[in-house]
Amino acid sequence: MLKKIHCHSSFQLCLGLLTGVVFGFLLHKGGATRYDVIVGQLLLTDFTVVKIMLSAVVTGMIGVHALKSVGLARLHVKSGSFGSSVIGGLIFGVGFGVLGYCPGTVAGAVGQGSLDALFGGFVGILIGSWLFAAMYPKLREILNKGYFGEITLPELLGVNAWAVIAPLSAAIITLLFWMEKSGL
Amino acid sequence: MEWLRADQWSPYVVGAGIGILSWLSFLLSDKPLACSTTFARTSGMIERLFRGKKAQDRPYYKKFPPVIDWQWMLVLGVIIGAFISAKLSGQFQLSWVPSHWQAAVGSTPFVRWIAALIGGIIMGFGARWAGGCTSGHGISGTLQLAISSWLAALSFFIAGILTAMLIFRVLLT
């Protein structure tokens with residue numbers, strides 16, 4: 001791993017900014033910063049968001065695991081629990097449906113001039129995050145319900161990571177081809 | 001360089017691009033692409049403006065200190081990157097009401113603002129509850145094959161689809 005670069009904090013701040021610029025550029029070019037595209041996905045009339053996410057997952061999954069295999073990267077798996085991942089995920093989803101942006105695309109939408117994203121979404125997510133921080137001590141118990149920790153699918157199945165990556169990539173690519181063929 | 005000015009790219013090119021960007025962020029920064037922790041850190045910075053150092057005593061801000069870090073710069077970069085793309089393709093436009101919303105609800109900015117604010121509050125709360133968002137769990141976590149992230153990403157979309165259907169197919173018809 002490139003430890004020397006990782007520890008250089010001011011260089012990392014520049015790199016973070018640069019990574020964000022590319023990420024924002026791509027999100028906008030993909031149309032994912034547009035409310036109409038995101039809500040179209042949730043109404044199942046426009047599959048742009050799922051196409052972007054699934055192709056990012058396949059590309060990223062293969063490359064990141066290859067980097068890990070040669071010792072140039074390590075995984076950062078988030079720990080989870082049913083109480084946190086599922087309940088939190090469902091709350092997030094309700095907000096997703098009402099707002100029509102997510103925390104990354106709301107930033108991109110601000111960049112393209114969407115004032116509802118700036119004064120509504122962006123401010124709202126800040127308020128919601130603060131509310132959570134304020135309530136966090138009281139929520140700890142439910143957040144830990146059904147705790148399973150930092151486990152990955154290959155670890156759960158007790159197999160080599162590539163034994164999951166290969167069939168999953170094939171399945172996602174087949175799904176994408178099928179979506180194109182059926183005009184989604 | 002005409003492609004930089006294009007209105008829209010293929011979702012597959014964009015997706016592959018984000019995938020490659022995640023290789024680089026793991027390789028060069030030892031970090032996955034993610035956004036929502038930044039909102040928690042920033043909310044702590046704002047609270048600190050009002051309450052001073054006491055704000056940092058909250059256990060959550062002990063876990064995620066209100067400081068500018070790699071991901072904070074990334075979110076700032078997303079705003080700049082989308083701005084550059086929008087300017088290059090001539091799509092930059094200040095607007096309050098997205099067209100789908102306008103067709104279904106109306107063109108009053110206030111109504112859209114309130115809805116976006118409420119949606120944002122619920123989303124920010126849920127993102128911290130789940131420990132990530134559509135990028136941190138939905139892309140970076142799923143590509144690492146994390147169980148927490150697959151569960152969260154599926155929950156995002158199940159509740160998102162049901163909520164959008166309820167709003168636009170049930171309540172507004």
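Numbered from 1 within each chain, the chains take letters A, B, ... in sequence-line order.
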Please evaluate residues A:Ile127 and B:Phe39 with respect to the criterion side-chain contact (heavy atoms from CB on, under 4.5 Å), reporting the C-alpha separation (whole Å), side-chain torsions for both, the decisive distance (0.1 Å), and the verdict. CA-CA 9 Å; A:Ile127 297 172; B:Phe39 287 84; over 6 Å; no

Quick one: do A:Tyr136 and B:Lys63 satisfy side-chain contact (heavy atoms from CB on, under 4.5 Å)? Show the steps, please. CA-CA 11 Å; A:Tyr136 175 66; B:Lys63 216 169 137 191; 3.3 Å; yes

Steps toward side-chain contact (heavy atoms from CB on, under 4.5 Å) verdict (A:Leu43, B:His100): CA-CA 11 Å; A:Leu43 293 173; B:His100 183 271; 3.7 Å; yes

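Interatomic distance, A:Leu17 CG to B:Met73 CE, rounded to the nearest 0.5 Å: 4.5 Å. How far CD1 of A:Ile52 is from CD1 of B:Ile18: 6.0 Å, rounded to the nearest 0.5 Å. Here CZ of A:Phe23 is found 5.5 Å from SG of B:Cys35. Values are rounded to the nearest 0.5 Å. If you take CD1 on A:Ile151 and CD1 on B:Ile147, they are separated by 6.0 Å, rounding to the nearest 0.5 Å. Note that OG of B:Ser29 and CG of A:Leu15 are 4.0 Å apart. Values are rounded to the nearest 0.5 Å. Note: A:Ile125 CD1 to B:Ile122 CD1 = 11.5 Å, rounded to the nearest 0.5 Å.
Annotation: side chain of A:Gln112 is not in contact with side chain of B:Phe83 (no heavy-atom distance under 4.5 Å). When side chains are defined from C-beta on, A:Asp116 does not count as touching B:Val97, because their heavy atoms never get closer than 4.5 Å. Considering only heavy atoms from C-beta on, A:Thr19 comes within 4.5 Å of B:Trp70 through its side chain. With contacts defined as side-chain heavy-atom distances shorter than 4.5 Å, the pair B:Thr163/A:Leu42 does not qualify. Between A:Met61 and B:Thr142, every side-chain heavy-atom pair lies at or beyond the 4.5 Å cut-off. When side chains are defined from C-beta on, B:Leu145 counts as touching A:His65, because their heavy atoms get closer than 4.5 Å. Between A:His28 and B:Ser89 the shortest side-chain heavy-atom distance falls below 4.5 Å. Residues B:Gln144 and A:Glu150 are not in side-chain contact: their nearest non-hydrogen atoms beyond the backbone lie 4.5 Å or more apart.
Only the side chain of A:Thr45 comes within contact range of chain B, with heavy atoms under 4.5 Å apart. Using a 4.5 Å cut-off between heavy atoms, A:Ser79 contacts chain B through its backbone alone, with no side-chain atom that close. Within the 4.5 angstrom heavy-atom criterion, only side-chain atoms of B:Leu33, from C-beta onward, approach chain A. With a 4.5 Å cut-off on non-hydrogen atoms, B:Arg41 does not touch chain A at all. Proximity to chain A is absent for every atom of B:Lys87, based on heavy atoms less than 4.5 angstrom apart. Heavy atoms closer than 4.5 Å to chain A are found in the side chain of B:Glu47, but not in its backbone. Heavy-atom distances place both the backbone and the side chain of B:Arg128 under 4.5 Å from chain A. B:Thr42 touches chain A through backbone and side chain together, each having a heavy atom under 4.5 Å away. With a 4.5 angstrom heavy-atom cutoff, B:Leu88 touches chain A only via side-chain atoms. Looking at B:Trp72, there are no atoms closer than 4.5 Å to chain A (heavy atoms on both sides), in backbone or side chain.
When each of B:Leu21, B:Ile114, B:Ile158, B:Ile139 is checked for heavy-atom pairs under 4.5 Å with chain A, B:Leu21 comes out on top. In terms of non-hydrogen atom pairs under 4.5 Å with chain B, the most contact-rich of A:Phe119, A:Phe122, A:Phe25 is A:Phe25. Per-residue heavy-atom pair counts under 4.5 Å with chain B were compared for A:Ile87, A:Val106, A:Ile62, and the maximum is reached by A:Ile87. Heavy-atom pairs under 4.5 Å with chain A were tallied for B:Ser22, B:Ala153, B:Cys133; the largest tally goes to B:Cys133. The candidate from B:Thr37, B:Thr38, B:Leu4 with the greatest count of non-hydrogen atom pairs under 4.5 Å with chain A is B:Leu4. Interface summary for chain B: among A:Leu143, A:Val49, A:Leu168, A:Leu54, the most heavy-atom pairs under 4.5 angstrom belong to A:Leu143. Ranked by heavy-atom pairs under 4.5 Å with chain B, the first of A:Thr48, A:Val86, A:Leu67 is A:Val86. Contacts with chain A were tallied for B:Tyr12, B:Trp113, B:Phe26; B:Tyr12 has the most, counting heavy-atom pairs under 4.5 Å. Most heavy-atom pairs under 4.5 Å with chain B, from the set A:Val58, A:Val110, A:Leu75: that is A:Leu75. Ranking B:Asp69, B:Leu117, B:Leu154 against chain A, the residue ahead of the rest is B:Leu117, based on heavy-atom pairs under 4.5 Å. Among B:His137, B:Gln8, B:Arg112, the residue making the largest number of heavy-atom pairs under 4.5 Å with chain A is B:Arg112. Interface summary for chain B: among A:Gly100, A:Ala73, A:Gly121, the most heavy-atom pairs under 4.5 angstrom belong to A:Gly121.
Taking the six-membered ring wherever Trp is involved, the centroid distance between the rings of B:Phe156 and A:Phe92 falls below 6.0 Å. Side-chain rings of A:Trp130 and B:Tyr61 stay apart, their centers remaining 6.0 Å or farther from each other.
More than 12 heavy atoms of other shown residues, nucleotides or ligands fall within 6.0 angstrom of atom CE in A:Met1. Surrounding CZ of A:Phe82 are at most 12 heavy atoms belonging to other residues, nucleotides or ligands under 6.0 Å away. Atom CZ of B:Arg5 is surrounded by 12 or fewer heavy atoms from other residues, nucleotides or ligands within 6.0 Å. The neighbour count for B:Lys62 NZ, taken as heavy atoms of other residues, nucleotides or ligands under 6.0 Å away, is above 12.
The main-chain N or O of A:Cys102 is never found under 3.5 Å from a side-chain atom of B:Thr134 such that the two would form a donor-acceptor pair. A donor-acceptor pair is defined here as one N or O able to donate and one able to accept, closer than 3.5 Å; such a pair exists between the side chain of A:Ser84 and the backbone of B:Trp129.
The aromatic rings of B:Phe168 and A:Tyr35 lie perpendicular to each other, with more than 60° between the two planes, well past the 30° mark. Classified by interplanar angle (parallel below 30°, tilted 30° to 60°, perpendicular above 60°), the ring pair A:Phe132/B:Phe125 is perpendicular.
Nearest heavy atom pair, residue A:Leu13 against residue B:Ile68, reads CD2-O, 4.1 Å. The heavy-atom pair separating B:Pro98 from A:Tyr101 by the smallest distance is CG-OH, 4.3 Å. Pairing each heavy atom of A:Arg74 with each of B:Asp30, the nearest pair is NH2-OD2, 2.6 Å. Taking every heavy atom of both residues into account, A:Ala107 and B:Val78 meet most closely at CB-CG1, 3.8 Å. For the pair B:Leu28 and A:Gln12, the tightest heavy-atom approach, listed with the atom from each and the gap, is O-NE2, 2.9 Å. Minimum heavy-atom separation, B:Ile167 to A:Gly97: CD1-O, 4.0 Å.
In terms of hydrophobic clustering, with Ile, Leu, Val, Met, Phe, Trp and Tyr side chains grouped at heavy-atom distances under 4.5 Å, A:Ile5 and A:Leu18 are assigned to different clusters.
In the model, B:Ser85 has a side-chain atom that pairs as donor or acceptor with a side-chain atom of A:Lys29 under 3.5 Å.
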